Amino acid sequence: MLKKILASALVLATIAGASVATTGTAEARYGRNGAFAGGAAAGLVGGLLLGSALNNRDRYYEDDYYEPAPVYVQPRCWFERQRVPNQYDYGYHIERVRVCR
């Protein structure tokens with residue numbers, strides 16, 4: 001809310017300054033272009049300083065901020081040759097089995 005108020009005040013001051021500081025044609029003819037360039041440079045530098053001062057604040061998290069869930073790491077898996085019981089009789093056979101830990 002403070003940013004909106006401050007931005008509105010700066011726009012109002014800019015418009016008021018532009019309406020008051022209008023120059024006539026007689027002043028522009030006789031070599032006063034350097035004054036305009038100096039004013040433009042001062043306005044640019046002032047705007048940069050004011051903008052950096054307003055934007056360079058400490059960042060904070062709001063109250064509803066929560067830590068993200070930890071990333072799930074999949075277990076290490078590999079294949080081993082193991083003895084496996086046969087399905088139809090009581091014997092065993094060797095088979096490649098996936099083992100994860």
Side-chain angles (χ1 to χ4, degrees):
M1 174 127 178
L2 182 64
K3 282 186 177 182
K4 288 182 181 180
I5 294 172
L6 191 58
S8 301
L10 288 175
V11 169
L12 182 65
T14 303
I15 292 172
S19 65
V20 171
T22 57
T23 60
T25 58
E27 292 180 6
R29 273 190 225 157
Y30 299 112
R32 293 198 175 229
N33 293 334
F36 174 75
L44 179 68
V45 171
L48 289 174
L49 289 174
L50 183 64
S52 66
L54 291 176
N55 197 22
N56 193 14
R57 286 186 254 171
D58 291 336
R59 302 288 184 226
Y60 64 92
Y61 296 108
E62 296 192 17
D63 293 337
D64 59 348
Y65 176 75
Y66 59 92
E67 295 269 339
V71 177
Y72 176 71
V73 179
Q74 292 184 350
R76 265 185 41 193
C77 295
W78 64 92
F79 288 95
E80 287 183 355
R81 296 175 61 93
Q82 293 183 355
R83 277 182 60 180
V84 178
N86 290 336
Q87 195 172 22
Y88 300 109
D89 60 4
Y90 295 106
Y92 289 93
H93 65 278
I94 302 293
E95 192 175 292
R96 288 184 68 203
V97 178
R98 186 176 179 194
V99 179
C100 296
R101 302 238 162 106

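No experiment lies behind these values; they were computed from the predicted model shown.
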Checking one residue: [X]. Which other hydrophobic residues are in its cluster under the side-chain 4.5 Å linking rule?
| X | value |
| --- | --- |
| Tyr72 | none |
| Tyr92 | none |
| Leu44 | Leu48 |

Does [X] have any side-chain contact (heavy atoms from CB on, under 4.5 Å) partners at least two apart in sequence or in another chain, and if so, which?
| X | answer |
| --- | --- |
| Phe79 | Arg96, Arg98 |
| Arg76 | Trp78 |
| Ile94 | Arg81, Arg83 |
| Asn86 | Asp89, His93 |

